[in-house]
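Structure first, commentary second.
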Amino acid sequence: MTALPAMLRAASAAFLLAGPAVAGLGSFLIPIPPAFAAQLAAADSGPFVPGFTDVPVMPGLATAESEPLVFDKPGGRIVQAVLSGEVPRQAVLAFYDQTLPQLGWRRASDRVFVREGEELRLEFPQQTPKQAKSKAATAVRFTLTPR
């Protein structure tokens, strides 16, 4: 009996190692620590605010809620998501004042941007005393409504 050629053995080994990951079983076979899983989940949210296709996430902010509110109706879509992080409120405003106009948004008033029949509003919800004591002091609510 002859041994398998080296290239065939390497391809078989790669297939066996990659198979569970391709099938979505990577976390089942390889336990992932919860802290690392949270980082992966944050990375999965991508560079955009959840529920929005082109509103970038400011570095330092992360998703504060599990799922964004997305409601698509004939008159337009309504989307709401909340991000939070250890960044000053003024830095958040400065970041979005600089980046949103580059994406076609026009500033209509303080914390309100408009584009193609839609209005994007940035709000800073009141925090509970417990949240105010934590370091994650800034929460930002992104609300998109038809205009």
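- By the criterion of side-chain heavy atoms lying less than 4.5 angstrom apart, applied directly or through intervening Ile, Leu, Val, Met, Phe, Trp or Tyr residues, L122 is grouped together with F95 in one hydrophobic cluster.
- The minimum heavy-atom distance linking A81 with V49 is given by the pair CB-CG1, 3.7 Å.
- Under the 4.5 Å side-chain contact rule for hydrophobic residues, F52 and F124 share a cluster.
- The distance from the CG atom of L103 to the CZ atom of F113 is 10.5 Å, given to the nearest 0.5 Å.
- Side chains of P50 and L83 form a contact here, defined as non-hydrogen atoms less than 4.5 Å apart.
- In this structure the side chain of T145 never reaches within 4.5 angstrom of the side chain of R121, judged on heavy atoms.
- Closest approach of A108 and V114 over heavy atoms only: CB-CG1, 4.0 Å.
- Inter-residue side-chain proximity for F142 and V57 is flagged as unmet; no heavy-atom pair is nearer than 4.5 Å.
- Grouping the Ile, Leu, Val, Met, Phe, Trp and Tyr side chains by contacts below 4.5 angstrom, directly or via other members, places L144 apart from V82.
- To the nearest 0.5 Å, atom CD of residue Q98 and atom CG of residue L93 are 11.5 Å apart.
- Among residues two or more places apart in sequence or in another chain, the salt bridge (charged side-chain N to carboxylate O under 4.0 Å, His left out) test is passed with D110 by R107.
- You'll find the side chain of D54 reaches within 4.5 Å of the side chain of R115, heavy atoms only.
- For the pair R141 and Q80, the minimum side-chain heavy-atom distance is below 4.5 Å.
- Using a 4.5 Å cut-off on side-chain heavy atoms (C-beta onward), L120 and T143 make no contact.
- Applying the side-chain hydrogen bond (donor to acceptor under 3.5 Å, both in side chains) rule to R147 yields no partners; only residues at least two apart in sequence or on another chain are considered.
- Side-chain atoms of I78 and P146, non-hydrogen and from C-beta on, do get closer than 4.5 Å to each other.
- Here the closest heavy-atom approach between residue V87 and residue G60 is recorded as CG1-CA, 4.0 Å.
- Remark: side-chain polar atoms of Y96 are paired, donor with acceptor, to backbone N or O of M58 under 3.5 angstrom.
- Not one N or O on the side chain of S84 forms a donor-acceptor pair closer than 3.5 Å with the backbone of A64.
- Two residues are said to be in side-chain contact when any heavy atoms from C-beta on lie closer than 4.5 Å; V70 and R77 fail this criterion.
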